[in-house]
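Reading through the structure tokens given below for one structure.
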Amino acid sequence: MYRSLISATFAVLTLAPIAASSQDAPATEPAVSAGEGQTGTIVFFREKKFKGAAVRYKVRENGTELCKLANGTFCTVQAAAGKHTYMVHSEAKDALTLEVDPGETYYVIGGISMGILAGHPHLTPSTKEAFEGMKDKLKDNTGKDLGGPDEK
């Protein structure tokens with residue numbers, strides 16, 4: 001009985017990322033409507049690790065997908081000056097609010113903690129040094145494989 005339960009759980013964990021990626025919406029570009037010099041840069045990155053390697057998640061703001069963070073990737077987003085809240089979710093949600101200043105660059109590291117059926121994504125402020133220390137091992141995922149606003 002325990003083997004059947006373990007096998008079923010393993011099948012769900014293995015197929016969940018495939019099912020989630022097959023439901024992605026058609027690609028669209030995120031809208032940023034700020035003038036030159038009125039934006040800041042946010043670099044979202046995720047270290048390449050064995051733990052949670054199969055899990056990828058979308059970074060969204062106000063329901064609009066900005067980038068996808070997979071294991072060992074990073075993406076760069078231009079944001080208008082002001083307050084921004086970035087969301088990630090799977091079976092659990094996490095949010096990070098940043099006050100963006102014009103011309104500044106902010107670094108946000110994505111992580112995964114294990115949940116019951118899927119990994120729980122997290123966003124945490126980081127440093128330029130942390131990003132630069134692993135940048136050579138990361139793949140640039142800026143603007144790739146984006147969907148539209150949430151359909152909820």
Side-chain angles (χ1 to χ4, degrees), residues 12-115 117-152:
V12 169
L13 291 174
T14 304
L15 297 176
I18 295 168
S21 66
S22 66
Q23 296 173 0
D24 292 340
T28 60
E29 290 297 318
V32 177
S33 58
E36 186 70 28
Q38 298 298 310
T39 63
T41 303
I42 298 105
V43 179
F44 295 95
F45 64 102
R46 190 165 152 211
E47 185 175 8
K48 189 169 182 77
K49 289 184 172 183
F50 179 75
K51 179 183 171 187
V55 179
R56 71 181 196 168
Y57 49 87
K58 301 168 186 176
V59 177
R60 293 184 172 101
E61 181 180 24
N62 297 322
T64 300
E65 187 178 322
L66 303 176
C67 70
K68 286 189 180 166
L69 281 182
N71 192 39
T73 62
F74 75 94
C75 61
T76 305
V77 174
Q78 296 298 312
K83 186 176 180 179
H84 296 268
T85 300
Y86 299 102
M87 300 283 301
V88 292
H89 62 84
S90 61
E91 69 180 27
K93 294 181 181 182
D94 191 31
L96 176 68
T97 300
L98 294 175
E99 185 68 38
V100 176
D101 293 325
E104 294 294 320
T105 301
Y106 303 87
Y107 297 88
V108 177
I109 189 166
I112 294 283
S113 63
M114 298 323 303
L117 294 177
H120 293 185
H122 300 284
L123 295 176
T124 307
S126 189
T127 63
K128 179 179 182 178
E129 293 76 22
F131 175 68
E132 293 293 333
M134 64 180 79
K135 183 179 179 182
D136 293 340
K137 298 177 185 174
L138 303 179
K139 179 182 168 190
D140 187 354
N141 205 29
T142 303
K144 296 180 183 170
D145 197 23
L146 295 177
D150 283 341
E151 296 176 5
K152 294 179 181 179

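Positions are given from 1, in the same order as the sequence printed here.
Across P121 and I112, no two heavy atoms sit closer than the pair CA-CD1, 4.2 Å. When all heavy atoms of C75 and L69 are compared, the closest pair comes out as SG-CD2, 4.4 Å. Closest non-hydrogen pair, V88 versus H122, comes out as CG2-N, 4.3 Å. A79 and I42 get closest at one heavy-atom pair: CB-CD1, 3.4 Å.
Among Y86, Y106, F74, the one residue that satisfies the ring pair (Phe, Tyr, Trp, His ring centres under 6.0 Å) test with F44 is Y86. For the side chain to side chain contact (heavy atoms under 4.5 Å, CB included) test with T73, the passing option among L138, T142, D140, N141 is N141; the others fail.
Here NE2 of H89 is found 8.0 Å from NZ of K58. Values are rounded to the nearest 0.5 Å. K128 contributes atom NZ, which lies 7.5 Å from atom OG1 of T105 (distance to the nearest 0.5 angstrom). The structure places CZ of R60 at 8.5 Å from NZ of K68, a figure rounded to the nearest 0.5 Å.
You'll find the side chain of H84 reaches within 4.5 Å of the side chain of E61, heavy atoms only.
Looking only at atom types and distance, the side chain of T41 has no donor-acceptor partner in the side chain of E104 under 3.5 Å away.
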**OP:** For side-chain contact (heavy atoms from CB on, under 4.5 Å), just list the numbers for V108 and L98, CA-CA rounded to whole Å, side-chain angles, deciding distance to a tenth of an Å, and then say yes or no.
**Re:** CA-CA 10 Å; V108 177; L98 294 175; 4.0 Å; yes
**OP:** Just do the side-chain contact (heavy atoms from CB on, under 4.5 Å) check on Y107 and V43 with the steps written out, would you?
**Re:** CA-CA 5 Å; Y107 297 88; V43 179; 3.7 Å; yes
**OP:** Check the pair Y57 / R46 against side-chain contact (heavy atoms from CB on, under 4.5 Å), numbers first and verdict last.
**Re:** CA-CA 11 Å; Y57 49 87; R46 190 165 152 211; 3.8 Å; yes
